[in-house]
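What follows is one structure encoded as structure tokens, with my remarks underneath.
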Amino acid sequence: MTGKKTLPFTISKNEKFFDRLGDYIGDVFYDILPEKGFELRDEQIFMAFQLEQAFKHKRTMFAEAGVGTGKTIVYLLYAICYARYMGKPVIISCADETLIEQLVKEGGDIDKLEQALDLEVDVRLAKARENYVCMKKLDPLVEKTNDEDILAVHDQIPDFVFDQGVSMQTFYRYGDRKEYPWVSDQQWERIGWDPLKQCATCDWRHRSAQTLNREYYRHAQDIIICSHDFYMEHVWTKESRKREGQLPLLPEASSVIFDEGHLLEFAAQKGLTYRFNFNNITSVLTGYTGQDVREESLQLAEDILSLHDEWFDVITSSAVRIEGSDRLEIPRSEPLLEMAQRLNGMVEELLEQLVFDAELFTIDAYHTKIIEEYLEFFSYGLSILLNDDEGIYWLEQDEMNSSLVIMPRLVENVLREEVFSQNIPFIFSSATLSQDNDFSYLQKSLGIGQYDSFSVDSPFDYESNREISFHSYQDSDERFKGIKEQLNDNQGHSLVLFRSEGDMNDFRQWAKKQSWEYAMLYEGDQEISEIVRRFQYDVPSILCAYHLWEGLDIPGKALSQVIIASLPYPPNDPVFKAKRKHAKNSSQEIDIPYMMLRMKQGVGRLIRTESDSGVVRIWQHATDTTVLDSLLNS
């Protein structure tokens, strides 16, 4: 392990850290970076002063800064210096894996700072579990598959993973999805981490990819970068992991920076989500009944399983598929709620019986803890479902499994207690944090008390370098033909943004019947950073995506046209239905703000540097005129 990182400036005994930090930041922006070819921007100087106050006084700061203001360079400088001053890493939480890659890739902002300032930054990635290969799934799969891509992954697994006699000193990190860029999303689902697997009792646990990667990033001295989803999973599981004798997912931080912080609320909801897979409780209770337990407990467990089967039959038979969403809506019916009430009562009773069984020492203490944790999780999720205004719920299905998903509608109280009660700086950074310089919506939805804020506009001359045009269509065939003409006219070099995966796949099926002079790249066909790399360097090409409305940073000739394939209405799924239900004017409070944010982010993919130029083409259905007028006037 490397020695402790030192500050990039000296402090004498009579000097204060923040005084010297201010001097250093001034030298960096006024002297060092300009000498290295960086442009001095007034917006950066203003932002630097604001962030210094937030770090000095441990405040929550909303830092709204447009594209091209260099906001990432500013917060990285403060993060590195503050982490070394406090002796604890700063956590940078990003909206998704795409944004993480923009920070750490070769030629990215961290790499630029290291080169310009002759710094060696200890930055490590803390990725969500689904980004790591699962040996419990991969190893048996290779015996019965002919999929060359999956077999190639297995061939790259280090030998120590299979040899239990090898010393742990020879272990090293492996298994990150990025190491297997040829694998599609669909293939990865067959070999990636699976929430149905019991990691705590897995034979591969101490040699698993996620275990070894966690051990590595926990020792970061400067910066740990993770996704919002992973940060919120850390927050919600911290105490339960401690009770189980495990370390929290992330170490204690000196500060937290939320890049694209306006997306944190949904990540918090998602992190608190309760997912009831049909097979999970069967697996847990079957293991329980296989122990030497009392007859009374055995009968109660069997009754729970029987009622649970009936309950899922009611759920699956009444669920309604929603167009454009993989979530099935579940009508709130008396039979469903009555059975949930009975099921919850029986689970609570079994929790009490478990205490007696444990006292008889007929069940292993570790096994008891696992069963108890799951039953408490199951009961609390049901309590959210049974309270009409507290939960949002839906059904997810594939060929093999059904899952009931329950999400809390509001998370501000939990966030206030579990996150923002800490006496550390919290920095929110994005080009879209406010509505007309009003940050109160974000403040309230996240449970934040006092905060500081500022807004600075982009320095780019959009009027001269960017053209926006609008195009109307009656049906998909007319729309797709028009998009093809625009792609040909621009000779590729285009990003096509779709409202949903389904909409993208409809275009894909249509496009298969056409002839193309350019490479057609589709989100999901390979690991996302590999697709972005191909689009950026294997020009001319066309990138079709439904997640890359934000976070994608492709400067230069590779991207000179953004096509928004249709107005980005919010999905008509249970999450947005619940938001609309509790709004006075759902169109103005929910739909239009969501679409405005989406449109701003999508349009913002085009101009990434002062020398960039191009066109944004926005497609609208002939019936969308009124909605488009509302968006343009917002």
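- With sequence neighbours excluded, no residue forms a ring pair (Phe, Tyr, Trp, His ring centres under 6.0 Å) with H582.
- For W619, the ring pair (Phe, Tyr, Trp, His ring centres under 6.0 Å) criterion is met by H471, not counting sequence neighbours.
- By the ring pair (Phe, Tyr, Trp, His ring centres under 6.0 Å) test, Y546 is found to be paired with no residue, residues two or more places apart in sequence or in another chain being considered.
- Partners of F266 by ring pair (Phe, Tyr, Trp, His ring centres under 6.0 Å), not counting sequence neighbours: none found.
- Shown here are the side-chain contact (heavy atoms from CB on, under 4.5 Å) partners of Q474, two or more places apart in sequence or in another chain: E478, A622.
- Partners of A519 under the side-chain contact (heavy atoms from CB on, under 4.5 Å) rule, at least two apart in sequence or in another chain, are S541.
- Taking E530 as the reference, R533 meet the salt bridge (Lys or Arg N to Asp or Glu O under 4.0 Å) condition, with sequence neighbours excluded.
- Remark: the Q186 side chain and the R190 side chain contain no N/O donor-acceptor pair separated by less than 3.5 Å.
- No donor-acceptor contact under 3.5 angstrom links the side chains of Y174 and N213, judged on distance only.
- Looking at residues two or more places apart in sequence or on another chain, you find no salt bridge (Lys or Arg N to Asp or Glu O under 4.0 Å) involving R466.
- Pairs passing the salt bridge (Lys or Arg N to Asp or Glu O under 4.0 Å) check and including a residue from residues 512-528, sequence neighbours excluded, read R508-D525.
- One side chain, T432 or Q601, offers a donor N or O that lies under 3.5 Å from an acceptor on the other.
- Residues passing the salt bridge (Lys or Arg N to Asp or Glu O under 4.0 Å) test with R409, sequence neighbours excluded: none.
- Within the structure, every pair that satisfies the side chain to side chain donor-acceptor pair (under 3.5 Å) test and touches residues 548-559, not counting sequence neighbours, is listed here: D553-R608.
- R617 and S469 are linked by a side-chain donor-acceptor pair at a separation below 3.5 angstrom, with hydrogens and angles left out of the test.
- Scored by the salt bridge (Lys or Arg N to Asp or Glu O under 4.0 Å) test, K581 finds D388 as partners (sequence neighbours excluded).
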